[in-house]
Amino acid sequence: MNLLNQKIVTEGKVLSDSVLKVDGFLNHQVDPQLMQEIGEEFASRFAGEGVTKIVTLESSGIAPSVMTGLMMGIPVVFARKRKSLTLTDRLYTAGVYSYTKNETNDISISSDYLSSDDVVLVIDDFLANGQAADGLISLVEQAGASLAGIGIVIEKGFQDGGTMLRNRGIRVESLAIIDSLAGGNVTFHAKEASAK
Ligand code: 5GP
């Protein structure tokens, strides 16, 4: 995705050799045109998989997920990070260690919105060590739903999450894969850079 790669280069801020800040279009301010293109791309990559529901994590997964849900004509459920008083029903829950915040949160989805009839596409903004994806997959498994795959906006290929998930046989589609942030420079994975 040209637009995504361009945005990462022009608006992303490399905070360290392992953290990229993209508050200008994904994590704080949201670029709707980019989200639309992301939604179209995920919808096209997962077309024909019989996906019935998108599952993501609040808050930064919601924008790309809603656009994907719009394109696929299916609902989006976002896992909540804190137990809400309104979440009184039976919950699927998993503990997720946050890479950027250095804390562990319980994430939950009400059983009202995920069932064994669902075929799920999990979407998230970043893939680093795979903790968030792992927690979301656990919620899908607790519901007895099937997993069609995982759509990631930005994968940091130099961290272990992508390899860990693909080694488990899970289909992971990342729209941008970053090989390195060393020296304050973003280096994209060669295949992504040439193919998209
Ligand atoms: P993981 O669970 O795969 O280790 O990390 C993924 C989660 O951590 C994402 O949901 C994202 O919110 C956050 N994250 C991890 N690395 C980065 C990063 O370099 N930049 C930003 N903005 N978020 C990140």
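Indexing begins at 1, ligand by ligand and atom by atom, following the structure's order.
Formation of a donor-acceptor pair under 3.5 Å by the Ser180 side chain with backbone atoms of Thr187 is not found in this model.
Protein residues having a heavy atom under 4.0 Å from any atom of ligand 1 are Ser18, Val19, Leu20, Asn27, Tyr99, Thr100, Asp124, Asp125, Phe126, Leu127, Ala128, Asn129, Gly130, Gln131, Ala132, Lys156, listed by chain and number.
Every salt bridge (charged side-chain N to carboxylate O under 4.0 Å, His left out) that Lys53 has, sequence neighbours left out, goes to Asp118. Residues passing the side chain to side chain donor-acceptor pair (under 3.5 Å) test with Thr104, sequence neighbours excluded: none. Residues meeting the salt bridge (charged side-chain N to carboxylate O under 4.0 Å, His left out) test with Glu173, sequence neighbours left out: Arg45, Arg171.
Counting only N and O atoms by type, the side chains of Ser138 and Gln142 include a donor and acceptor under 3.5 Å apart. Side-chain contact, Asn102 with Tyr97: a donor N or O sits under 3.5 Å from an acceptor N or O.
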